[in-house]
Amino acid sequence: MIAATLDAGQPVASGVRLTFEHPEDLARFLTPRRLAFFRAVRERPGTIGDLSIRLTRSRESLTKDLRLLESAGLVTVTRTANPSQGPMDLIEPVSRGEILLEARF
């Protein structure tokens, strides 16, 4: 599929691949709440405060999930200037392309 896209002169969407040693590790990593958090960031990047309101979750629980998703390479946090409130951390997906999760047996 990538070859056909390149042959057509179209850009290839970048993607991310995460591999887990065991299926149980994948299940522990990808909880329903983390998946909802990641989907919300892909839909519309934002700050912890913004995402906390959208997902009706505490900032503390989102921060824990953010650190895990960031260490896995799925999201980035960029400090930006906000003239009315000072600096803020913008959470964005690393890729809007395909995300491949796999577990090895």
Side-chain angles (χ1 to χ4, degrees):
M1 183 162 173
I2 292 175
T5 303
L6 290 171
D7 288 343
Q10 298 173 348
V12 177
S14 61
V16 174
R17 175 186 216 135
L18 288 178
T19 303
F20 296 85
E21 290 298 318
H22 303 285
E24 297 85 11
D25 296 336
L26 172 60
R28 276 192 297 272
F29 175 79
L30 198 60
T31 65
R33 287 181 168 226
R34 285 189 194 125
L35 184 56
F37 180 32
F38 182 67
R39 284 181 174 154
V41 170
R42 280 185 64 137
E43 181 182 305
R44 190 174 79 228
T47 64
I48 282 289
D50 171 53
L51 291 159
S52 174
I53 292 167
R54 283 195 275 157
L55 296 168
T56 61
R57 290 185 57 197
S58 73
R59 289 173 176 244
E60 293 78 19
S61 69
L62 283 179
T63 299
K64 289 178 186 177
D65 287 345
L66 169 61
R67 297 297 166 233
L68 188 65
L69 294 173
E70 186 179 26
S71 69
L74 293 174
V75 299
T76 60
V77 179
T78 307
R79 175 116 337 183
T80 60
N82 182 336
S84 64
Q85 298 176 344
M88 65 178 196
D89 292 332
L90 181 65
I91 304 160
E92 299 179 283
V94 169
S95 170
R96 294 211 184 266
E98 182 177 83
I99 304 294
L100 176 64
L101 302 173
E102 65 182 6
R104 298 189 178 181
F105 290 87

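The basis for the numbers below is simple: all heavy atoms, side chains too, and nothing from hydrogens, waters or symmetry mates.
- The shortest heavy-atom contact between R59 and G49 is NH2-CA, 3.5 Å.
- A distance of 8.5 Å separates OG in S52 from CZ in R57, rounded to the nearest 0.5 Å.
- I48 is not listed as a side-chain neighbour of M88, based on a closest heavy-atom distance of 4.5 Å or more.
- Interatomic distance, F37 CZ to R54 CZ, rounded to the nearest 0.5 Å: 9.5 Å.
- In this structure the side chain of I91 never reaches within 4.5 angstrom of the side chain of T47, judged on heavy atoms.
- Hydrophobic clustering (side-chain heavy atoms under 4.5 Å, transitive across Ile, Leu, Val, Met, Phe, Trp, Tyr) keeps L90 apart from L74.
- The side-chain heavy atoms of V77 and R67, taken from C-beta on, include a pair separated by under 4.5 Å.
- Both F38 and L55 sit in one connected hydrophobic cluster of ILVMFWY residues. Membership requires side-chain heavy atoms under 4.5 Å apart, directly or through other members.
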(request) Tell me, with the steps shown, if R42 and E92 meet side-chain contact (heavy atoms from CB on, under 4.5 Å). (result) CA-CA 7 Å; R42 280 185 64 137; E92 299 179 283; over 6 Å; no

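- For the atom pair R28 CZ and H22 NE2, the distance stands at 9.0 Å (nearest 0.5 Å).
- A side-chain N or O of T19 and one of E102 form a donor-acceptor pair less than 3.5 Å apart.
- Taking hydrophobic clusters as Ile, Leu, Val, Met, Phe, Trp and Tyr residues chained together by side-chain heavy-atom distances below 4.5 Å, I53 does not share a cluster with L62.
- Taking CG of L51 as the start and CG of L66 as the end, the distance is 9.0 Å to the nearest 0.5 Å.
- Annotation: side chain of V94 is in contact with side chain of T76 (closest heavy-atom distance under 4.5 Å).
- Using modelled atom types, one side-chain atom of R34 and one backbone atom of F29 make a donor-acceptor pair closer than 3.5 Å.
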